[in-house]
2 protein chains.
Amino acid sequence: MAGNTSRPGATVVSRVLALLGAFDETHRRLTLTELARRADLPVPTAHRLVGELAAHGALARTPSGEYVVGRQIWSLGVLAPVQTGLLEAASPFLHDLYAATLATVHLAVRDGTQVLYLDRLSGRRSVPVVSTVGSRLPLYPTGVGKVLLAHAPERVQVEVLSSLTRITPHTITQPARLRAQLARVRSDGYATTVEEMTLGACSVAVPVRRNEAEVVAALGIVVPSLRRDRPRLVAALQVAAHGIGRSISDGS
Amino acid sequence: MAGNTSRPGATVVSRVLALLGAFDETHRRLTLTELARRADLPVPTAHRLVGELAAHGALARTPSGEYVVGRQIWSLGVLAPVQTGLLEAASPFLHDLYAATLATVHLAVRDGTQVLYLDRLSGRRSVPVVSTVGSRLPLYPTGVGKVLLAHAPERVQVEVLSSLTRITPHTITQPARLRAQLARVRSDGYATTVEEMTLGACSVAVPVRRNEAEVVAALGIVVPSLRRDRPRLVAALQVAAHGIGRSISDGS
DNA sequence: GGCTAACCTTCCACTGAGTGGAAGGGGTGT
DNA sequence: ACACCCCTTCCACTCAGTGGAAGGTTAGCC
């Protein structure tokens, strides 16, 4: 009379990853029921899986009983080649750049059709922006994203260009116009955005090249729309990007 | 005639975490066979699980076919409360401290009976040390570890004191002597080590207190054994630790 | 070329790990 | 006292997971 039919096709691995994926920037602490709902799993199933994850340190419980991402996952993540070498090499340059511009500084890589922000520096006086370390945004409305898109394989460009959606009134949604911009990004060596992601904010970004060759990341800053010393900013960015590119030690 | 008996008691979750746990500081890229061996799983089982993890972005494959930790895990790890607030709040103070001392700077928390290094700054001129961001070391032979141990629950202290093993000729292995040192750490407000972890390296560390209350982390520096301006170093550390403690915004 | 060795991948019959509805606490608000 | 929500335990059913065997691929060596 019991006989439980689990949704077919679902594997334990996918269930576990669905549970982990329930956490994001705005949901860092989740109750069991929220986890179950967000992962689309029955509560008892979520309970058992989450309990086991917690027993292994992959998740942790707050004093109030909510679940949070555990330290094991954090120290695992640190081993990801996303950042091996790159983040450490870039750190001093990012600080110099912040000191020189007092603008929000971003270091990002491309992850599929999104920008993945690896590091961010911003002070009290910087423009508020949506990006945070570890978060992902579309490529086309951000400065670092345009740089990464301009140097991405054709296949990726086609995919991105085919699904441009408006975010602010200034977001570029015409494929032809974006494609022209990307060509300019390649020839000029830098990209700019004007309130395409956030009203009141402009950005300037440059590629980071390993050994003056392949583009491995992008370095960008976000400034208030009224700021008008772009040439100086581009110069500062290029110096920093060049420094980072020369400091990257290890491959992959 | 087939009939496969999986090792009883092993769950998929534990198998998956064993696979992920196969990666560490010195094994960032692993082949399938190495993964299977390190996780103590049959190759076909490892193959299937690892393949599924890779399909979800939890692992990635290098062009040469080896597996590495994927970006999904990295961005998940960034959400861990290990660092939420703390790392960002501490960053500027760590840089100031590095500038003031030119020593390797560490920010660490206690994870069970180990130190977990959250951040590290070191320059070319710093003493070489074993710690890296995300790595764990025993509590008793490190400066930050002593601070964290001194403010840990009695239960943890007992456990650590009962298993002191020699690492260098200077490592403290007598429980009574270490216990006396911990008392001094609490009364003096700082801890020191003298070549207990690495020959040629000494360290000084202080607690980071949230709202001048509970100890949430430790801040330490590693200097060559011959350096003798300890009072100045302690003062610089305490200023920085105080600053960090006041900057921590969000709880837990 | 042929042989050996090591690694990766696919196949598939067996079975116990995983499943989830049902039911039992515990807390809080009305 | 009742209603509501969330967490936890129980357990009969069954399908997802398992891993030995076999085939494929690549590399090195005589």
Side-chain angles (χ1 to χ4, degrees), chain A residues 1-23 26-70 81 252, chain B residues 1-23 26-70 81 252:
Chain A
M1 191 173 288
N4 298 343
T5 317
S6 57
R7 181 107 45 90
T11 65
V12 176
V13 173
S14 68
R15 275 185 265 255
V16 164
L17 293 175
L19 283 169
L20 294 178
F23 293 94
T26 54
H27 299 86
R28 299 189 168 189
R29 328 164 127 229
L30 293 169
T31 65
L32 177 61
T33 333
E34 285 170 328
L35 268 163
R37 189 162 33 236
R38 288 172 65 84
D40 196 22
L41 291 173
V43 174
T45 302
H47 179 252
R48 185 170 26 81
L49 293 177
V50 157
E52 209 168 347
L53 289 170
H56 288 270
L59 295 180
R61 303 197 71 168
T62 63
S64 57
E66 291 163 314
Y67 291 92
V68 292
V69 176
S252 173
Chain B
M1 191 170 287
N4 298 343
T5 316
S6 57
R7 182 108 41 94
T11 64
V12 176
V13 173
S14 68
R15 276 185 263 254
V16 164
L17 292 175
L19 283 169
L20 294 178
F23 293 94
T26 54
H27 299 86
R28 298 190 168 189
R29 328 163 126 227
L30 293 169
T31 65
L32 177 61
T33 335
E34 285 169 329
L35 269 163
R37 190 161 35 234
R38 288 171 65 85
D40 195 22
L41 290 174
V43 174
T45 301
H47 179 251
R48 185 169 26 79
L49 293 177
V50 157
E52 210 169 344
L53 289 170
H56 288 270
L59 295 181
R61 304 196 71 168
T62 63
S64 57
E66 291 162 313
Y67 291 92
V68 292
V69 176
S252 174

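Every chain is numbered from 1, with letters handed out A, B, ... down the list of sequences.
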Novice: In this structure, how many angstroms lie between the C1' atom of D:dT8 and the CG atom of A:Leu35, rounded?
Specialist: 15 Å
Novice: Quick one: closest heavy-atom pair of B:Leu35 and B:Phe23, and the distance?
Specialist: CD2-CE1, 3.8 Å
Novice: Check whether A:Arg28 reaches the backbone of B:Pro81 with its side chain - one donor and one acceptor, N or O, closer than 3.5 Å.
Specialist: no
Novice: Yes or no on side-chain contact (heavy atoms from CB on, under 4.5 Å) for A:Leu20 and A:Leu59, after CA distance, side-chain angles and deciding distance?
Specialist: CA-CA 9 Å; A:Leu20 294 178; A:Leu59 295 180; 3.8 Å; yes
Novice: Can you measure B:Arg15 atom CZ to D:dG17 atom C1' for me and round it to whole angstrom units?
Specialist: 8 Å
Novice: With side-chain contact (heavy atoms from CB on, under 4.5 Å) as the test, would you mind laying out the steps for B:Tyr67 and B:Leu19 before giving the verdict?
Specialist: CA-CA 11 Å; B:Tyr67 291 92; B:Leu19 283 169; over 6 Å; no
Novice: Round to the nearest Å and state the distance from B:Leu19 atom CG to D:dG19 atom P.
Specialist: 12 Å
Novice: Below 3.5 Å, can you tabulate the donor-acceptor pairs from side chains in residues 39-55 of chain B to any protein atom, sequence neighbours excluded?
Specialist:
| residue | atom | partner | partner atom | Å |
| --- | --- | --- | --- | --- |
| B:Asp40 | OD2 | B:Arg7 | NH2 | 3.3 |
| B:Glu52 | OE2 | A:Thr11 | OG1 | 2.1 |

Novice: If you assign B:Val12 and A:Arg61 each to the DNA chain D nucleotide with the nearest heavy atom, which residue ends up on the more 5' nucleotide?
Specialist: A:Arg61
Novice: Which atom pair, heavy atoms only, marks the closest approach of A:Ala22 to A:Leu30?
Specialist: O-CD1, 3.4 Å
Novice: Return the residues of residues 40-53 of chain B meeting this criterion: a heavy atom under 4.0 Å from some atom of DNA chain C. Order them by number, or give none.
Specialist: B:Val43, B:Pro44, B:His47
Novice: Expressed as a whole number of angstroms, how long is the span from A:Glu66:CD to D:dC6:C1'?
Specialist: 12 Å
